[in-house]
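Quick note on labels: first sequence line is chain A, next is B, and so on, each numbered from 1. These numbers were taken from a predicted model, which means no experiment stands behind them.
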2 protein chains.
Amino acid sequence: MGHSKAEKAKTHKRIVGIASKRLREEGLEGVGIAELMKEAGLTVGGFYKHFGSRHDLVAEALDAALGGWKRRINAAASGGSAATYTRLVDDYLSEAHRDHPGTGCAISALGGEIARSDERTRALVTGQIRNDIQWIASLIRGRNKNAARSKAILTFSALVGAMGLARAVSDEKLSREILKTVAELLKELNS
Amino acid sequence: MGHSKAEKAKTHKRIVGIASKRLREEGLEGVGIAELMKEAGLTVGGFYKHFGSRHDLVAEALDAALGGWKRRINAAASGGSAATYTRLVDDYLSEAHRDHPGTGCAISALGGEIARSDERTRALVTGQIRNDIQWIASLIRGRNKNAARSKAILTFSALVGAMGLARAVSDEKLSREILKTVAELLKELNS
DNA sequence: ATTATCTATAGATCTATAGATAATGC
DNA sequence: ATTATCTATAGATCTATAGATAATGC
């Protein structure tokens, strides 16, 4: 039963981190407060000293989840922008990403539920998507800015869609075919 | 209070039809049995003479929902396969489709939740996705069968992903840009 | 004194079932 | 006689709150 202010801030982050993972794994309504608190080593009662409501936690957890995969790819990237594009496509469409939605892209894991969320949550997501598109455009070859942006939008759509299909499909072979095929064609698009 | 066998079959279909729409609109867990039955002009009690459980209804409703948009596009298509491809892309990425998930593609509306569903549901979806890919491949130009299949997979991924992004985004302008851009580039891909 | 956390529970909601009612169909 | 539907409710689950407890920090 730690009670210092520093402890509380750490506890808060821990709850958000756990929620950020579990919500991507099980959907925005898949886990209850009691279970999340238990995973953080706490009990239900303490929850409302940290968040005004379950909904507030969801918004915070989604915010924390959104930029994660991009930061990871950028951090690991070493070569030029073309190499980073290749890395983005291969990492995003990897079997590891498919099998671990909890640490992956929040949009492919929660797209449908985000579309049904309130304005505040969707505004958050909109900003992130805007950034993602600009980031991908900056990795694309050619000097025509408009063409790069268009290709970036197609790339992002194909990434999100291919991951959605690969996760929905129960046939491992078909799932792998989807990931590989889309990765190859996207890399051609940028060569 | 109709009670004939013929009436019951009609009632069954009506419930499935309503569920098929409402589940696409509000997610697989978004609507309760009582509300669905009320929309069908019935009450909760009768539900279990039609379905073993809520889960059974969800499976049936999803099955009914899956092929809908494809049938509609095929029915409306008149020209050759290239014209049908154009029609597919334009219809799928229309603002009408974006704004009416209840009558649209179940995969773009429910992708994330399907990935979390049980094996039986996912097997159903897998078969449908396999068909969709073959159908799209048959609409693609060129005599190389493997290349057509690859392009079909990219097309389907981009359609599903673009619709997911367009629905998630709360900025109407960005949403429209995503739909238009992906539609244009996909049509180029098949020209 | 304040507050982060605990235990306990009220209140809402939802699935599923029990038993009654009113049609069908042999 | 059978059964499709009705009303009513049991049982489970989940969010949010109330009041107690045990630390921190002036």
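Residue pairs satisfying the side-chain hydrogen bond (donor to acceptor under 3.5 Å, both in side chains) criterion with at least one member in residues 147-164 of chain B, sequence neighbours excluded, are listed as follows: A:Glu177-B:Arg149, B:Tyr85-B:Thr155. Within the structure, the side-chain hydrogen bond (donor to acceptor under 3.5 Å, both in side chains) test picks out the following pairs touching residues 56-66 of chain A (sequence neighbours left out): A:His12-A:Glu60. Residue pairs meeting the side-chain hydrogen bond (donor to acceptor under 3.5 Å, both in side chains) criterion with at least one member in residues 181-191 of chain B, sequence neighbours excluded: B:Asp90-B:Lys187. The list of side-chain hydrogen bond (donor to acceptor under 3.5 Å, both in side chains) pairs with a residue in residues 27-49 of chain A, not counting sequence neighbours, reads A:Arg22-A:Glu35, A:Arg22-A:Glu39. A salt bridge (Lys or Arg N to Asp or Glu O under 4.0 Å) check over residues 124-134 of chain A, counting only residues at least two apart or in different chains, returns the pairs A:Lys70-A:Asp132, A:Arg130-B:Asp171.
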At under 4.0 Å between heavy atoms, which parts of nucleotides 7-17 of chain D does protein reach? Answer with one letter per nucleotide, 5' to 3': B base, S sugar-phosphate only, - none.
B-------SBB
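Distance NZ (B:Lys49) to C1' (D:dT5): 8 Å, rounded to an integer number of Å. Straight-line distance from the CD atom of A:Glu7 to the C1' atom of D:dA23: 11 Å, rounded to whole Å. The interatomic distance linking A:Lys8 (NZ) with D:dT24 (P) rounds to 16 Å, in whole Å. Per the geometry, NZ belonging to B:Lys10 stands 16 Å off P belonging to D:dA4, to the nearest Å. The separation between B:His12 atom NE2 and D:dA4 atom P is 12 Å, rounded to whole Å.
Within residues 112-120 of chain B, no residue has any heavy atom closer than 4.0 Å to DNA chain C. Within residues 17-28 of chain B, no residue has any heavy atom under 4.0 Å from DNA chain C.
With A:Arg98 contributing its side chain and A:Ser94 its backbone, the two residues share no donor-acceptor pair below 3.5 Å. Looking at A:Arg72, its side chain does come within 3.5 Å of a backbone N or O of A:Thr103 through a donor-acceptor pair. For the pair B:Thr121 (side chain) and B:Ala59 (backbone), a donor-acceptor distance under 3.5 Å is absent.
The two residues B:Glu26 and B:Val31 come nearest to each other via the heavy atoms OE1-CG2, 3.8 Å. Here the closest non-hydrogen pair linking B:Ala61 and B:Leu23 is CB-CD1, 4.0 Å.
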May I have the list of side-chain donor-acceptor pairs in residues 105-114 of chain A shorter than 3.5 Å, sequence neighbours left out?
unit_1   : atom_1 : unit_2   : atom_2 : d
A:Ser108 : OG     : A:Tyr92  : OH     : 3.4
A:Ser108 : OG     : A:Cys105 : O      : 3.3
A:Ser108 : OG     : A:Arg167 : NH1    : 3.4
A:Glu113 : OE1    : B:Arg116 : NH2    : 3.2
A:Glu113 : OE2    : A:Leu28  : N      : 2.8

Which nucleotides of DNA chain C pair, in dot-bracket form (Watson-Crick or G-U under 3.5 Å, | meaning another strand):
||||||||||||||||||||||||..
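Close to D:dA4, at under 4.0 Å from its OP1 or OP2, lies no side-chain N or O of B:Thr11.
Shown here are the side chain to side chain donor-acceptor pair (under 3.5 Å) partners of B:His55, two or more places apart in sequence or in another chain: B:Asp118. With sequence neighbours excluded, the residues satisfying ring pair (Phe, Tyr, Trp, His ring centres under 6.0 Å) with B:Phe47 are B:Phe51.
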